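Have a look at the structure below, then the notes.
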Amino acid sequence: MIEDVPRWWQSGLIYQIYPRSFQDSDGNGIGDLVGIRQRLDYLQDLGVDAIWLSPMFVSPMKDFGYDVADYCAIDPRFGTMEDFEALLADAKARGIRIILDLVPNHTSDQHAWFQEARSSRTSPKRDWYLWSDPAPNGGRPNNWLSEFGGPAWAFDAATDQYYYHAFLPEQPDLNWRNPDVRAAIYDVMRFWLGKGVGGFRVDVLWHLLKDDARRDNPANPGWHEGMSPTQRLLPIYTTDLPDMQSIVREMRAVVDEFDERVLIGELYLPIERLVRYYGAELDGAHLPFNFALIEAPWHARELDRLIRDYEAAVPHGGWPNWVLGNHDKPRIAGRVGIGQARVAAMLLLTLRGTPTLYYGDEIGMPQATLSVAEARDPVERNVPGFGLGRDGCRTPMQWDSSLNAGFTTGTPWLPIATDDPAVTVAAQAGDPGSMLALHKRLIDHRRRHPALSLGGFHPLAADGDILLYQREHGGERFLVALNLGPTEADVALEASVRARIAIATEPQREGESIAGTFTLGPDEGLVLELVD
Ligand code: NOJ
């Protein structure tokens, strides 16, 4: 969809900030809103169009903010409502939108709604959550499992019933079939939209509805010893239920009450099910998050196939998007190595669709290895040994080589991933060969050449370790050539083609003229401007 005037969320770059880890302004070791505000110049200089903030609402922090106890108030650890409003205003003055994280599937068990619901079986809010009598044998109502380990039913002794929690027992699931629950969350959305936020990233959108009949989930035939016990069952009665689309439509209608806002859904689903969340009439999520790059094996042919499959699956008029990392998955530099992380950045920033960049990936922050004593993530504690722990990708942003990488003057809540001074904003800012400089050149080029953001996408080839595709718009054409391997490889262009290297992972090559065959070095990526 290239409309006459593309929406900001189509042409722009989204940057995810995990507020605990970006910048601490008060020395308590936890990042905060004032800290983010202090770093807006950096984000503007990088070329960010929107910041998605992971939750900064009042929370007991059992799941570091994804357990919300008050949707309309800022947790004091992160600051005050005034701090938030100042951040919003300062960001707006720089042309940067703030996207909030909406966590509608569950609340904290400390939320007033749950406190009221659990106070008695006759509480007016009882039906706001999912309660069930024990099975006839006194056990749990069915076999549903928590994503965070163990059964998904917790027993409430005071009222002699179980409640459902897809995540921690301290995160009871709301009952999205109850119209009052929906109305309450839609009012939360209006509260923030009215303040001027750019939209929402909706947490675990595919989880909202559960089977009314509470049928057992079937065994996962692909499960084997060595796989996480959380994957033993196929969650067909607990996720992605057919009537989800009517809920997404309602959410979209709330967002559409305001001008120019965006609805993004967190959805870990296969592509054909993911794209349903655009809505049959494109009346669902603007951007159902596409995590294909996070989950893909890092091989040219695999990537070529998944890009083609995704491009083919996005409905006509729907807008694609790509995500390379987030606060739940190992960092890109850890997944593919620092050399390939550069190639990955070029891929992310030259594919058709909205890119989402995870804080710190622009300087190649590594996936941290933490000791057992340092682990903070409840998933690591509940399901140890399967590499599911998420602390390693949540370590503090590395600004400079001062104490704690310039993140805090206190004790950081998680250790700094590396003391390598080269992996800091300060060291990379002045180095044209740095990862940060590469990101800036790519983002800037993308902004100045709509062919790279909004333009058509044409897959060309995946041969050995080489991935080739073309972008074009309004007479401009770019060829992107990526070497996903550690050895040199030649690429042959048609004899008549003339090109100039616009962006290279190693900047010395920029400006070089290309005709006929050219060579890609190990881990090298080039954006070639085709000249006739
Ligand atoms: C998805 C979030 O990204 C993750 O961090 C969180 O733990 C779960 N949802 C539960 O809210």
Side-chain angles (χ1 to χ4, degrees), residues 14-22 31 52-71 75 78 99-111 114 129-130 144-150 152 154 164-174 176 185 188 200-210 228 230-231 235 238-240 264-269 274 277 285 287-291 294-295 321 323-331 356 358-359 367 375-383 386-395 413-414:
I14 300 174
Y15 183 91
Q16 183 193 353
I17 289 182
Y18 195 67
R20 288 183 79 86
S21 297
F22 199 60
W52 149 34
L53 287 182
S54 281
M56 67 319 164
F57 314 106
V58 169
S59 165
M61 301 289 167
K62 297 287 181 200
D63 188 21
F64 297 112
Y66 284 95
D67 48 325
V68 180
D70 184 344
Y71 287 104
D75 192 280
F78 295 129
I99 297 169
L100 294 190
D101 212 314
L102 181 73
V103 190
N105 179 68
H106 44 270
T107 67
S108 158
D109 63 346
Q110 301 304 306
H111 195 293
F114 189 68
Y129 293 84
L130 297 164
W144 293 355
L145 294 176
S146 158
E147 294 243 358
F148 284 178
Y164 176 74
H165 56 91
F167 299 93
L168 296 174
E170 294 90 348
Q171 292 169 295
D173 279 44
L174 283 162
W176 269 80
I185 295 288
V188 168
F200 298 101
R201 171 267 190 190
V202 184
D203 191 62
V204 294
L205 180 57
W206 81 115
H207 270 262
L208 297 191
L209 292 175
K210 292 86 183 169
S228 161
T230 57
Q231 292 172 11
T238 41
T239 59
D240 194 28
I264 305 173
E266 185 202 20
L267 297 150
Y268 283 93
L269 289 172
L274 171 72
Y277 285 75
L287 303 175
F289 257 157
N290 164 21
F291 298 126
I294 293 190
E295 303 190 317
N321 76 89
V323 182
L324 206 52
N326 63 32
H327 64 294
D328 293 326
K329 301 289 175 185
R331 281 192 181 271
T356 298
Y358 184 52
Y359 85 94
Q367 174 71 9
R376 305 291 299 272
D377 183 12
V379 176
E380 183 60 40
R381 279 189 269 113
N382 292 358
V383 200
F386 294 95
L388 299 177
R390 301 165 297 175
D391 294 314
C393 66
R394 296 176 174 179
T395 58
W413 77 284
L414 280 179

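First listed ligand is number 1; within each ligand, the first listed atom is number 1. Note: hydrogens, waters and symmetry copies are ignored here, and every other heavy atom, side chains too, is used. Just so you know, these numbers come straight off a predicted model, no measurement behind them.
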Atoms of ligand 1, numbered as shown, that sit under 4.0 Å from any heavy atom of [X]:
{"X": "Val204", "result": "1 (C), 9 (N)"}
{"X": "Arg390", "result": "4 (C), 5 (O), 6 (C), 7 (O)"}
{"X": "Phe148", "result": "7 (O)"}
{"X": "Glu266", "result": "1 (C), 3 (O)"}
{"X": "His106", "result": "10 (C), 11 (O)"}
{"X": "Arg394", "result": "5 (O)"}

Side chain to side chain, Arg394 and Arg376, heavy atoms closer than 4.5 Å = no
Tyr66 and side-chain hydrogen bond (donor to acceptor under 3.5 Å, both in side chains): which partner among Ser108, Ser59, Ser54?
-> Ser54
Looking at atom 6 (C) of ligand 1, what's its closest protein heavy atom, distance included?
-> Asp63 OD2, 3.3 Å
For atom 3 (O) of ligand 1, what's the nearest protein heavy atom and its distance?
-> Asp328 OD2, 2.5 Å
Report the part of Glu147 in contact with ligand 1, treating N, CA, C, O as backbone and CB onward as side chain, heavy atoms under 4.0 Å; options are side chain, backbone, both, neither.
-> neither
Determine whether the side chain, the backbone, both or neither of Arg201 has a heavy atom under 4.0 Å from any heavy atom of ligand 1.
-> side chain
Where do Asp377 and Arg390 land on the salt bridge (charged side-chain N to carboxylate O under 4.0 Å, His left out) test, with the steps shown first?
-> CA-CA 6 Å; Asp377 183 12; Arg390 301 165 297 175; 2.8 Å; yes
is_close_aromatic(His207, Phe167), centroid dist under 6.0 Å | yes
For Leu174, the option from Val103, Ile185, Asn105 that meets side chain to side chain contact (heavy atoms under 4.5 Å, CB included) = Ile185
Hey, is the main chain of Tyr277 close enough, under 3.5 Å, to the side chain of Trp206 for a donor-acceptor pair?
-> no
Side-chain donor or acceptor of Asp67 paired with backbone N/O of Met61 under 3.5 Å | yes
Going by the angle between their ring planes, with limits at 30° and 60°, are His111 and Tyr71 parallel, tilted or perpendicular?
-> tilted
Nearest heavy atom to atom 1 (C) of ligand 1: which of Asp377, Asp67, Asp203 does it belong to?
-> Asp203
